[in-house]
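Encoded as C-alpha coordinates, the structure appears first; notes follow it.
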Amino acid sequence: MQGLAPRMLGRRIERVELRQPRVLVGEVGRAADFTVAAVRRQGKHILIDLRRGRRTAHLAVHLGMTGQLVLDGEPGRHTHALFLFDDGLRLLYNDIRQFGRLEFCERLPQRFQRLGPDPFHLSEEEFARRFRSRRSMAKALLLDQSFVSGLGNIYADESLFRAGIHPRAIAARLRRARAGGLHRAIVEVLQESILHGGSSISDFVSSDGHRGRFQLLHRVYRRTGQPCAVCGVPIRRILVASRGTHFCPRCQKAG
DNA sequence: ATCTATTCCTGGCTGC
DNA sequence: TGCAGCCAGGAATAGA
(Lines give C-alpha, C1' and ligand atoms only; values in the text may rest on other atoms or scores of the structure.)
Protein backbone atom coordinates (compact mmCIF):
# COMPACT_ATOMS: atom_id res chain seq x y z
CA MET A 1 0.00 0.00 0.00
CA GLN A 2 2.80 2.38 0.89
CA GLY A 3 4.40 1.51 -2.42
CA LEU A 4 1.17 2.04 -4.31
CA ALA A 5 0.11 5.43 -2.99
CA PRO A 6 2.97 7.65 -4.22
CA ARG A 7 2.64 6.46 -7.78
CA MET A 8 -1.13 6.28 -8.06
CA LEU A 9 -2.16 9.43 -6.23
CA GLY A 10 -3.70 11.98 -8.57
CA ARG A 11 -3.50 9.66 -11.57
CA ARG A 12 -6.56 9.17 -13.76
CA ILE A 13 -7.65 5.69 -14.84
CA GLU A 14 -7.83 5.72 -18.63
CA ARG A 15 -8.70 2.14 -19.38
CA VAL A 16 -9.78 -0.97 -17.50
CA GLU A 17 -9.38 -4.53 -18.76
CA LEU A 18 -11.12 -7.34 -16.94
CA ARG A 19 -10.49 -11.06 -17.25
CA GLN A 20 -11.90 -13.27 -14.46
CA PRO A 21 -15.36 -12.23 -13.29
CA ARG A 22 -15.20 -14.45 -10.17
CA VAL A 23 -12.89 -12.17 -8.22
CA LEU A 24 -14.56 -8.99 -9.42
CA VAL A 25 -17.54 -7.48 -7.62
CA GLY A 26 -19.63 -4.66 -9.02
CA GLU A 27 -18.94 -3.02 -12.35
CA VAL A 28 -15.20 -2.61 -12.02
CA GLY A 29 -15.07 -1.19 -15.53
CA ARG A 30 -16.83 1.92 -14.25
CA ALA A 31 -13.60 2.92 -12.53
CA ALA A 32 -12.53 4.38 -15.86
CA ASP A 33 -12.19 8.19 -15.90
CA PHE A 34 -11.94 8.35 -12.11
CA THR A 35 -8.87 9.83 -10.46
CA VAL A 36 -7.13 8.28 -7.44
CA ALA A 37 -7.79 10.54 -4.45
CA ALA A 38 -6.31 8.33 -1.73
CA VAL A 39 -4.93 4.86 -1.03
CA ARG A 40 -5.55 3.57 2.45
CA ARG A 41 -6.05 0.42 4.48
CA GLN A 42 -8.88 -0.82 6.64
CA GLY A 43 -8.04 -4.10 8.28
CA LYS A 44 -6.98 -6.41 5.48
CA HIS A 45 -8.75 -4.31 2.85
CA ILE A 46 -6.96 -1.88 0.59
CA LEU A 47 -9.16 1.05 -0.35
CA ILE A 48 -8.46 3.10 -3.44
CA ASP A 49 -10.62 6.20 -3.14
CA LEU A 50 -11.71 7.57 -6.51
CA ARG A 51 -13.00 10.97 -7.57
CA ARG A 52 -14.49 12.33 -10.76
CA GLY A 53 -15.67 15.88 -10.36
CA ARG A 54 -18.03 15.72 -7.44
CA ARG A 55 -18.58 12.00 -7.69
CA THR A 56 -16.71 9.63 -5.45
CA ALA A 57 -16.27 5.87 -5.59
CA HIS A 58 -13.94 3.19 -4.28
CA LEU A 59 -11.99 0.22 -5.42
CA ALA A 60 -12.02 -2.09 -2.41
CA VAL A 61 -9.40 -4.82 -2.62
CA HIS A 62 -8.96 -7.85 -0.41
CA LEU A 63 -5.95 -9.89 -1.43
CA GLY A 64 -7.09 -13.09 0.27
CA MET A 65 -4.24 -15.56 0.27
CA THR A 66 -2.62 -15.11 -3.09
CA GLY A 67 -3.86 -11.77 -4.39
CA GLN A 68 -1.33 -9.23 -5.59
CA LEU A 69 -1.51 -5.60 -6.64
CA VAL A 70 1.37 -5.11 -9.01
CA LEU A 71 2.62 -1.90 -10.62
CA ASP A 72 3.99 -2.12 -14.14
CA GLY A 73 4.17 -5.90 -14.24
CA GLU A 74 3.41 -8.14 -17.16
CA PRO A 75 -0.13 -9.55 -17.18
CA GLY A 76 -0.21 -13.33 -16.85
CA ARG A 77 -2.73 -16.11 -16.61
CA HIS A 78 -3.71 -15.04 -13.10
CA THR A 79 -4.22 -11.41 -13.97
CA HIS A 80 -7.89 -10.62 -13.45
CA ALA A 81 -7.91 -6.86 -13.83
CA LEU A 82 -5.66 -4.29 -15.42
CA PHE A 83 -5.88 -0.53 -14.87
CA LEU A 84 -4.08 1.78 -17.27
CA PHE A 85 -3.41 5.27 -15.93
CA ASP A 86 -3.03 8.55 -17.81
CA ASP A 87 0.73 8.60 -17.28
CA GLY A 88 1.23 5.08 -18.62
CA LEU A 89 1.35 3.49 -15.17
CA ARG A 90 -0.25 0.06 -15.12
CA LEU A 91 -1.84 -1.59 -12.10
CA LEU A 92 -2.49 -5.34 -12.22
CA TYR A 93 -4.64 -7.38 -9.93
CA ASN A 94 -3.34 -10.96 -9.87
CA ASP A 95 -4.83 -13.76 -7.83
CA ILE A 96 -3.88 -17.42 -8.24
CA ARG A 97 -6.45 -19.00 -5.93
CA GLN A 98 -9.08 -16.35 -6.49
CA PHE A 99 -9.86 -16.03 -2.80
CA GLY A 100 -9.39 -12.29 -3.01
CA ARG A 101 -11.88 -9.71 -4.24
CA LEU A 102 -11.70 -6.48 -6.17
CA GLU A 103 -14.86 -4.44 -5.85
CA PHE A 104 -16.02 -1.21 -7.41
CA CYS A 105 -18.56 0.63 -5.30
CA GLU A 106 -19.90 4.12 -4.78
CA ARG A 107 -20.39 3.54 -1.08
CA LEU A 108 -18.46 1.12 1.07
CA PRO A 109 -20.45 -2.06 1.75
CA GLN A 110 -21.82 -2.95 5.18
CA ARG A 111 -19.00 -5.31 6.06
CA PHE A 112 -16.65 -2.34 6.46
CA GLN A 113 -18.77 -1.07 9.33
CA ARG A 114 -18.45 -4.42 11.04
CA LEU A 115 -14.66 -4.27 11.03
CA GLY A 116 -13.15 -4.10 14.49
CA PRO A 117 -10.43 -1.64 15.51
CA ASP A 118 -6.91 -1.81 14.18
CA PRO A 119 -4.53 -3.24 16.81
CA PHE A 120 -2.25 -0.24 16.27
CA HIS A 121 -5.06 2.11 17.28
CA LEU A 122 -6.02 0.23 20.43
CA SER A 123 -4.40 0.89 23.76
CA GLU A 124 -3.18 -2.09 25.73
CA GLU A 125 -5.87 -1.41 28.34
CA GLU A 126 -8.66 -1.24 25.80
CA PHE A 127 -7.47 -4.41 24.09
CA ALA A 128 -7.27 -6.30 27.38
CA ARG A 129 -10.74 -5.12 28.40
CA ARG A 130 -12.29 -6.23 25.11
CA PHE A 131 -10.37 -9.49 25.09
CA ARG A 132 -11.32 -10.49 28.61
CA SER A 133 -14.99 -9.80 27.96
CA ARG A 134 -15.19 -12.70 25.52
CA ARG A 135 -15.56 -16.40 26.20
CA SER A 136 -14.18 -17.77 22.95
CA MET A 137 -10.78 -19.29 22.33
CA ALA A 138 -7.90 -16.83 22.04
CA LYS A 139 -6.96 -17.89 18.52
CA ALA A 140 -10.54 -17.63 17.24
CA LEU A 141 -10.85 -14.13 18.69
CA LEU A 142 -7.69 -12.90 17.00
CA LEU A 143 -8.97 -14.16 13.65
CA ASP A 144 -12.37 -12.52 14.18
CA GLN A 145 -12.17 -9.35 12.07
CA SER A 146 -14.97 -7.73 14.06
CA PHE A 147 -12.90 -8.09 17.23
CA VAL A 148 -9.67 -6.70 15.81
CA SER A 149 -9.06 -6.20 12.11
CA GLY A 150 -5.98 -7.14 10.19
CA LEU A 151 -4.74 -10.31 11.84
CA GLY A 152 -4.58 -13.50 9.78
CA ASN A 153 -3.54 -17.03 10.58
CA ILE A 154 0.21 -16.40 10.56
CA TYR A 155 0.19 -13.37 12.85
CA ALA A 156 -2.37 -14.90 15.18
CA ASP A 157 -0.11 -17.94 15.75
CA GLU A 158 3.06 -15.87 16.05
CA SER A 159 1.48 -13.39 18.46
CA LEU A 160 0.11 -16.12 20.73
CA PHE A 161 3.51 -17.78 20.80
CA ARG A 162 5.29 -14.59 21.80
CA ALA A 163 2.71 -13.91 24.48
CA GLY A 164 3.00 -17.50 25.75
CA ILE A 165 -0.74 -18.05 25.41
CA HIS A 166 -2.22 -21.35 24.30
CA PRO A 167 -4.38 -20.92 21.18
CA ARG A 168 -7.28 -22.71 22.91
CA ALA A 169 -7.09 -20.58 26.05
CA ILE A 170 -10.45 -19.00 26.88
CA ALA A 171 -9.98 -15.25 26.55
CA ALA A 172 -12.05 -14.34 29.61
CA ARG A 173 -9.97 -16.62 31.83
CA LEU A 174 -6.67 -14.88 31.17
CA ARG A 175 -5.25 -12.48 33.71
CA ARG A 176 -5.21 -8.85 32.74
CA ALA A 177 -1.42 -8.75 32.50
CA ARG A 178 -1.43 -11.68 30.10
CA ALA A 179 -4.08 -10.07 27.89
CA GLY A 180 -2.04 -6.87 27.86
CA GLY A 181 1.04 -8.89 26.98
CA LEU A 182 -0.85 -10.32 24.01
CA HIS A 183 -1.55 -6.84 22.70
CA ARG A 184 2.13 -5.96 22.99
CA ALA A 185 3.03 -9.20 21.18
CA ILE A 186 0.59 -8.43 18.34
CA VAL A 187 1.95 -4.93 17.80
CA GLU A 188 5.51 -6.26 17.99
CA VAL A 189 4.89 -9.03 15.46
CA LEU A 190 3.10 -6.73 13.03
CA GLN A 191 5.74 -4.01 13.28
CA GLU A 192 8.51 -6.54 12.83
CA SER A 193 6.93 -8.04 9.74
CA ILE A 194 6.35 -4.60 8.24
CA LEU A 195 9.97 -3.76 8.99
CA HIS A 196 11.05 -6.83 7.08
CA GLY A 197 8.98 -5.97 4.04
CA GLY A 198 6.30 -8.52 4.69
CA SER A 199 3.45 -6.12 4.15
CA SER A 200 4.80 -4.01 1.34
CA ILE A 201 2.62 -4.87 -1.60
CA SER A 202 5.00 -3.51 -4.21
CA ASP A 203 7.55 -6.03 -2.97
CA PHE A 204 5.29 -8.84 -4.12
CA VAL A 205 6.33 -8.10 -7.70
CA SER A 206 8.78 -10.98 -7.57
CA SER A 207 7.21 -13.72 -9.61
CA ASP A 208 8.95 -16.39 -7.54
CA GLY A 209 6.00 -16.60 -5.23
CA HIS A 210 5.58 -14.83 -1.88
CA ARG A 211 9.07 -15.56 -0.58
CA GLY A 212 9.55 -12.57 1.66
CA ARG A 213 11.95 -12.23 4.54
CA PHE A 214 9.07 -12.40 7.02
CA GLN A 215 9.05 -16.17 6.72
CA LEU A 216 12.40 -16.28 8.46
CA LEU A 217 10.77 -14.68 11.49
CA HIS A 218 8.19 -17.39 12.01
CA ARG A 219 8.71 -19.21 15.26
CA VAL A 220 5.73 -21.53 15.08
CA TYR A 221 3.75 -21.02 11.88
CA ARG A 222 4.21 -24.06 9.61
CA ARG A 223 7.04 -25.33 11.78
CA THR A 224 5.24 -28.47 12.91
CA GLY A 225 7.66 -30.97 14.47
CA GLN A 226 10.58 -28.55 14.48
CA PRO A 227 12.07 -27.67 17.87
CA CYS A 228 10.75 -24.58 19.63
CA ALA A 229 13.34 -21.78 19.39
CA VAL A 230 12.95 -21.14 23.13
CA CYS A 231 12.64 -24.56 24.79
CA GLY A 232 13.36 -27.15 22.10
CA VAL A 233 10.08 -29.03 22.41
CA PRO A 234 8.59 -29.92 18.99
CA ILE A 235 6.04 -27.42 17.65
CA ARG A 236 2.57 -28.93 17.42
CA ARG A 237 -0.20 -28.36 14.92
CA ILE A 238 -3.89 -28.54 15.83
CA LEU A 239 -7.16 -27.24 14.43
CA VAL A 240 -8.71 -24.20 16.09
CA ALA A 241 -11.67 -22.45 14.48
CA SER A 242 -11.13 -24.77 11.49
CA ARG A 243 -7.69 -23.25 10.98
CA GLY A 244 -4.31 -24.89 11.06
CA THR A 245 -2.82 -23.69 14.36
CA HIS A 246 0.80 -23.97 15.40
CA PHE A 247 2.07 -23.65 18.94
CA CYS A 248 4.66 -24.75 21.48
CA PRO A 249 3.04 -27.08 24.02
CA ARG A 250 5.55 -26.08 26.69
CA CYS A 251 5.82 -22.30 26.20
CA GLN A 252 2.13 -21.60 25.63
CA LYS A 253 -0.17 -21.96 28.63
CA ALA A 254 -3.96 -21.88 28.80
CA GLY A 255 -4.16 -20.13 32.20
C1' DA B 1 -22.62 -15.40 21.88
C1' DT B 2 -20.06 -18.95 19.89
C1' DC B 3 -19.14 -23.29 17.81
C1' DT B 4 -18.35 -26.40 13.40
C1' DA B 5 -18.72 -27.51 8.62
C1' DT B 6 -18.97 -25.98 3.94
C1' DT B 7 -17.87 -23.37 -0.13
C1' DC B 8 -14.92 -20.95 -3.33
C1' DC B 9 -9.80 -22.16 -6.16
C1' DT B 10 -5.10 -23.56 -7.68
C1' DG B 11 -0.53 -25.16 -6.91
C1' DG B 12 2.22 -28.09 -4.41
C1' DC B 13 2.93 -32.21 -2.36
C1' DT B 14 2.51 -37.39 -1.71
C1' DG B 15 2.26 -41.88 -3.22
C1' DC B 16 1.73 -45.32 -6.58
C1' DT C 1 7.30 -39.60 -15.82
C1' DG C 2 2.56 -39.01 -15.03
C1' DC C 3 -1.38 -38.57 -12.62
C1' DA C 4 -4.95 -38.93 -9.08
C1' DG C 5 -6.00 -37.48 -4.60
C1' DC C 6 -5.48 -34.50 -0.90
C1' DC C 7 -4.79 -30.19 1.40
C1' DA C 8 -4.36 -25.12 2.78
C1' DG C 9 -6.76 -20.96 3.69
C1' DG C 10 -10.21 -15.62 4.48
C1' DA C 11 -14.56 -14.88 4.94
C1' DA C 12 -19.31 -15.57 4.16
C1' DT C 13 -22.87 -18.61 5.25
C1' DA C 14 -25.77 -22.15 7.26
C1' DG C 15 -27.00 -24.75 11.02
C1' DA C 16 -26.41 -26.24 15.87
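In this text, all values refer to a predicted model and were calculated from it rather than measured experimentally. To find a chain, count down the sequence lines: A is the first, B the second, and so on, and within it residues start at 1.
Terminal axes of the helix from B:dT2-C:dA16 to B:dC16-C:dG2 (five pairs each, C1' rotation axis) are separated by 40°, to the nearest 10°.
With a 4.5 Å cut-off between side-chain heavy atoms of Ile, Leu, Val, Met, Phe, Trp and Tyr, the cluster of A:Phe161 takes in A:Val220, A:Val230, A:Ile235.
With sequence neighbours left out, A:His80 forms a ring pair (Phe, Tyr, Trp, His ring centres under 6.0 Å) with no residue at all. Partners of A:His166 by side-chain hydrogen bond (donor to acceptor under 3.5 Å, both in side chains), not counting sequence neighbours: none found. In this structure A:Phe120 satisfies the ring pair (Phe, Tyr, Trp, His ring centres under 6.0 Å) test with no other residue, sequence neighbours excluded. Residues passing the ring pair (Phe, Tyr, Trp, His ring centres under 6.0 Å) test with A:Phe83: none are found, sequence neighbours excluded. Scanning for ring pair (Phe, Tyr, Trp, His ring centres under 6.0 Å) contacts around A:His78 gives an empty result, with sequence neighbours left out. Here A:Ser136 pairs with A:Arg134, A:Leu141 under the side chain to side chain contact (heavy atoms under 4.5 Å, CB included) rule; sequence neighbours left out.
Scanning DNA chain B 5' to 3' for nucleotides with an atom closer than 4.0 angstrom to a non-hydrogen atom of chain A gives a first and last hit of B:dT2 to B:dG11.
Going from atom CZ of A:Arg52 over to atom OG1 of A:Thr35 covers 9.5 Å, rounded to the nearest 0.5 Å. For the atom pair CZ (A:Arg7) and CG (A:Leu89), the distance works out to 5.0 Å, reported to the nearest 0.5 Å.
Both tests hold for A:Arg130 against A:Phe147: distance to the six-membered ring centre under 6.0 Å, angle to the ring axis within 45°.
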Show the distances under 3.5 angstrom between N or O atoms of the protein and N or O atoms of nucleotides 6-9 of chain C.
| residue | atom | partner | partner atom | Å |
| --- | --- | --- | --- | --- |
| C:dA8 | OP1 | A:Arg237 | NH2 | 2.9 |
| C:dA8 | O3' | A:Arg222 | NH2 | 2.9 |
| C:dA8 | N3 | A:Arg97 | NH1 | 3.1 |
| C:dG9 | OP1 | A:Tyr221 | OH | 2.8 |
| C:dG9 | OP1 | A:Arg222 | NH2 | 3.4 |
| C:dG9 | OP2 | A:Gly244 | N | 3.4 |
| C:dG9 | N2 | A:Arg97 | NH1 | 3.3 |

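At the phosphate of C:dG10, neither OP1 nor OP2 sits under 4.0 Å from any side-chain N or O atom of A:His62.
Mapping A:Ala241 and A:His78 onto DNA chain B by nearest heavy atom places A:Ala241 closer to the 5' end of the strand.
In this entry the distance linking CZ of A:Arg111 with C1' of C:dT13 reads 14 Å, nearest Å. Remark: C1' of C:dA12 and CZ of A:Arg101 are 10 Å apart, rounded to the nearest angstrom. One atom, CZ of A:Phe112, and another, C1' of C:dA11, lie 12 Å apart when rounded to the nearest Å.
For the contact set between residues 130-145 of chain A and DNA chain B, defined by any heavy atom under 4.0 Å, the members are A:Arg134, A:Arg135, A:Ser136, A:Met137.
For CZ of A:Arg236, the number of neighbouring non-hydrogen atoms (other residues, nucleotides, ligands) closer than 6.0 Å is 12 at most.
Residues A:Thr79 and A:Tyr93 have side chains that never bring a donor and an acceptor to within less than 3.5 angstrom of each other.
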What side-chain donor-acceptor pairs closer than 3.5 Å can you find for residues 101-109 of chain A, not counting sequence neighbours?
| residue | atom | partner | partner atom | Å |
| --- | --- | --- | --- | --- |
| A:Arg101 | NH1 | A:Gln98 | O | 3.2 |
| A:Glu103 | OE1 | A:Arg111 | NH2 | 2.7 |
| A:Glu106 | OE2 | A:Arg30 | NH2 | 2.9 |
| A:Glu106 | OE2 | A:Arg55 | NH2 | 2.9 |

